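Here's the structure, in structure tokens; my notes come after.
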Protein chains: 2
Amino acid sequence: MAKPKIHTMEELAEAIGVSRPTLSRYFQDPTKVSKSSVARIVDGLERVEYTPNFFATRMNRKTTGLIGVIIPYLNDLFFTLLLEAIETAALRAGYTVITQCSHADPAIEKRAAETFLSMNVDGAIVAPLGDNSDMDVYARLNARLPFVLMDSRPKALRDVDFIGSDHRQSTGAITEYLCRVGPPPVFLAMPRVNFNALEREAAYIEKMHELGHEPQIVGARLYHEHDHFEAHGLAVLDDMFARGQLIESSILCANDRVAIGALRAASQHGLEPGAQRKGGLRIAGHDDYPLCPFTTPSLTTVAQNVTAIGQTAVDRLLEKLRAENISENQVIRLMDGILKIRESA
Amino acid sequence: MAKPKIHTMEELAEAIGVSRPTLSRYFQDPTKVSKSSVARIVDGLERVEYTPNFFATRMNRKTTGLIGVIIPYLNDLFFTLLLEAIETAALRAGYTVITQCSHADPAIEKRAAETFLSMNVDGAIVAPLGDNSDMDVYARLNARLPFVLMDSRPKALRDVDFIGSDHRQSTGAITEYLCRVGPPPVFLAMPRVNFNALEREAAYIEKMHELGHEPQIVGARLYHEHDHFEAHGLAVLDDMFARGQLIESSILCANDRVAIGALRAASQHGLEPGAQRKGGLRIAGHDDYPLCPFTTPSLTTVAQNVTAIGQTAVDRLLEKLRAENISENQVIRLMDGILKIRESA
DNA sequence: CACGGATTTTTACATGCGTTAAACTTAACG
DNA sequence: CGTTAAGTTTAACGCATGTAAAAATCCGTG
């Protein structure tokens, strides 16, 4: 209700009759001030409008209480789920998260990392773009502050802590499942936007060889725009279905968004992918995108444990930034994927 | 390359033989420094590693170059598209965007707004939670800095600039379309997470009356968790289809995510919604969620002009913060929705 | 070689708060 | 009533930069 506005702690001190250092201590930790003073301050704050200056506090504290997070795409529910997990975990630990999205642009990604450096964030969690990432900035980040990679793991940053999925296990699991219940699957690749694409492809090949089948990969480079996975899956399969190819195959898609495009292609050609029909078309994905249960048919996939990845990334970061003596041992945590068997395969 | 690290501008000045004020001016605007100096500075910066301190610069400049953005959900592609549009527009104008997600929690939302105040952001763009938002903080925001609301418009903030969709027009348009090509639609409501839900409902009712039909609303309060729209649509219709209700109706869903759940319910009951079949089930949505073209059947809907909303919000904000004399006239821009006729209705 | 304009350096103060040391109050305790 | 410990105030400096005014330097001209 139109409280008088106070801009500096100095003024506030004068207004409520407490010294500035006491106020400073109060804002950092109220228990470090006597009860009588706390009462007076709380009372005073109710009568005036004051918020400590964000920059001034952060500039002077030895710790900023900030965690920087970079993700490559925003229009992907996988990354937003990841972000959500990170934000809740960080919030619970009392940290403020600064999020930046690189929008698939290495220049923006670099700028974001530099911003984090100039903000003296306490730590950074990054899902890198991949090959195109500016490795120098990340090397600098890693040298200067606690740093954890997630989701994707550039070759140039092999010595950095990493939290992600075990694509060898997850892709292996679904490949094996598909082989068990039907013909050995073809792999519908996705645009090579990061290393996961290649890892899944490799894991598929390995598992197929292990099971004595010949791997077959399609769609590795038809559609080149990043982040248009559904359109990619649709384009590749629409083309092949039109030629009568793959219409009775099992198709393992590199991720669920590609698979959603694949489902669409099937529907356009009057095909009904499903586990029931012996010998018919099957389509499976990877990730357990939130919409998988709602597609028609619902999509069989392997779930990435997104929540665990986010949570673990934060945990590891906190561990690093609490330990003054930087523990030299690198931590790599690969989460297992969990089969989600639904209707499509 | 292990460049020597330099922490302050003072040290940098000494290292490359230029005075600190000159460096300061250089970092703010290189054209304000003579060419010879620029050359020397650029050359020097290549040999040492230095980034100006984010907080110190922001604390002292009269303008921080920051724009604060708050969105209510992250796991919704509508909002991520909006965010993307805002970020690109802001970046183009040379501003840095600080994003905060309220995660459907008014307390977090309030904290985010207060953070913006304490950061002295140049302006703020907010998609509010709705009824639960803390109106006091937003009133303070509006009083202290250029402020623009988008997407949803709380009653308590009627005098604030607003950029959003004209739900009366958009919902009217699709209602009319549905009436034209088939039986008058039933409205499948969504959980009342914000005012748009109600606006669309009202717009539907109005248009139905205008066309001489009796409005019918279902699912207004069955499923209460926010942000689980697909599950809501599925639950409501699964229930009704099981009782043989609505199986030959036109169903207008409050948004596309609800509609995706509705499509799933139809599929579970062996129903195939579509425009072709005279007299059969029809399902339509609202928003043009990015996955609409890929559902089975592809979803007929009305597109919200997300990009334009984001762009316009930024434009308006820039306009306000460039004009010292705060123009008193409130700006409200409601974008028209565009019919996207696909297979489902 | 002197001169005027442009640029840079010097010098000094400002921002808002963290932090420290010493002086001071206060309340409790013997 | 003197002593002591806990908490507070005073005073002063530090952080990394912005900014402004005055002094110094540079450049090309006439």
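Throughout, protein chains are lettered first and strands after them, A, B, ... in sequence-line order, and every chain is numbered starting at 1. None of the values given here were measured: they were computed from a predicted structure.
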Over how many whole Å does the gap from A:Asn53 atom CG to D:dC15 atom P extend?
-> 19 Å
Proximity to the side chain of B:Arg25 - top-ranked nucleotide from C:dT8, C:dA14, D:dT10 | C:dT8
Within the structure, does a side-chain N or O atom of A:Gln28 lie under 4.0 Å from either OP1 or OP2 of C:dC17?
-> no
Whole-Å distance, B:Asn120 CG to C:dT15 C1', equals 11 Å
Atom CZ of B:Arg61 and atom P of D:dA20 are separated, to the nearest Å, by 14 Å
List the atom of B:Ala93, the atom of B:Leu318, and the distance in Å for their closest heavy-atom pair.
-> CB-CD1, 3.6 Å
Across the strands shown, which category fits B:Tyr50 at heavy-atom distances under 4.0 angstrom: base, sugar-phosphate, nothing?
-> sugar-phosphate
Counting heavy atoms from C-beta on, name the nucleotide in D:dA20, D:dG7, D:dA16 closest to the side chain of B:Lys62.
-> D:dA20
For the base of D:dG18, is there a side-chain donor-acceptor partner from B:Arg20 under 3.5 Å away?
-> yes
Check whether any side-chain N or O of A:Ser34 sits under 4.0 Å from OP1 or OP2 of D:dG7, and answer yes or no.
-> no
Using distance alone, with no hydrogens and no angle criterion, decide if B:Thr64 and B:Asn120 have a side-chain donor and acceptor under 3.5 Å apart.
-> no
Note: for A:Phe27 and B:Ser19 on DNA chain C, the residue whose nearest nucleotide lies more 5' is B:Ser19
Between NZ of B:Lys35 and P of D:dC27 the distance, given in whole Å, is 15 Å
Has B:Ser37 got a side-chain N or O lying under 4.0 Å from the OP1 or OP2 atom of C:dT7?
-> no
Touch class at under 4.0 angstrom, heavy-atom based, for B:Tyr26 against every strand present = nothing
Measure across A:Thr80 and B:Thr80 and return the closest heavy-atom pair with its distance rounded to 0.1 Å.
-> CG2-CG2, 3.8 Å
Would you say C:dG18 has OP1 or OP2 under 4.0 Å from some side-chain N or O of A:Ser24?
-> yes
A:Asn196 and A:Ser152: side chain donor to acceptor below 3.5 Å | no
Measure from CZ on A:Phe55 to P on C:dG18 and round the result to the nearest Å.
-> 15 Å
ring-ring contact (aromatic ring centres under 6.0 Å, His included) between A:Tyr138 and A:Phe147, worked out | CA-CA 9 Å; A:Tyr138 285 138; A:Phe147 181 49; 5.8 Å; yes
For A:Met59, which contact category applies under a 4.0 Å heavy-atom criterion: base, sugar-phosphate, or nothing?
-> base
Measure from NZ or CZ of A:Arg58 to the centre of the six-membered ring of B:Phe55 and say whether it is under 6.0 Å with the direction within 45° of the ring axis.
-> no
Please report, rounded to the nearest Å, how far the P atom of C:dA14 is from the CG atom of B:Asn60.
-> 13 Å
For atom CG of B:Leu12 and atom P of C:dT9, their distance in whole Å = 12 Å
Whole angstrom is fine here: how far is it from CZ in A:Arg58 over to P in D:dG14?
-> 24 Å
Side chain of B:Thr22 (C-beta onward), nearest among D:dT17, D:dG18, C:dT9 | C:dT9
Quick one: label B:Ser36 by what it contacts on the DNA or RNA (base, sugar-phosphate, nothing), any heavy atom closer than 4.0 Å.
-> nothing
Would you mind classifying the nucleic acid contact of B:Pro21 as base, sugar-phosphate or nothing, using non-hydrogen atoms under 4.0 angstrom?
-> base
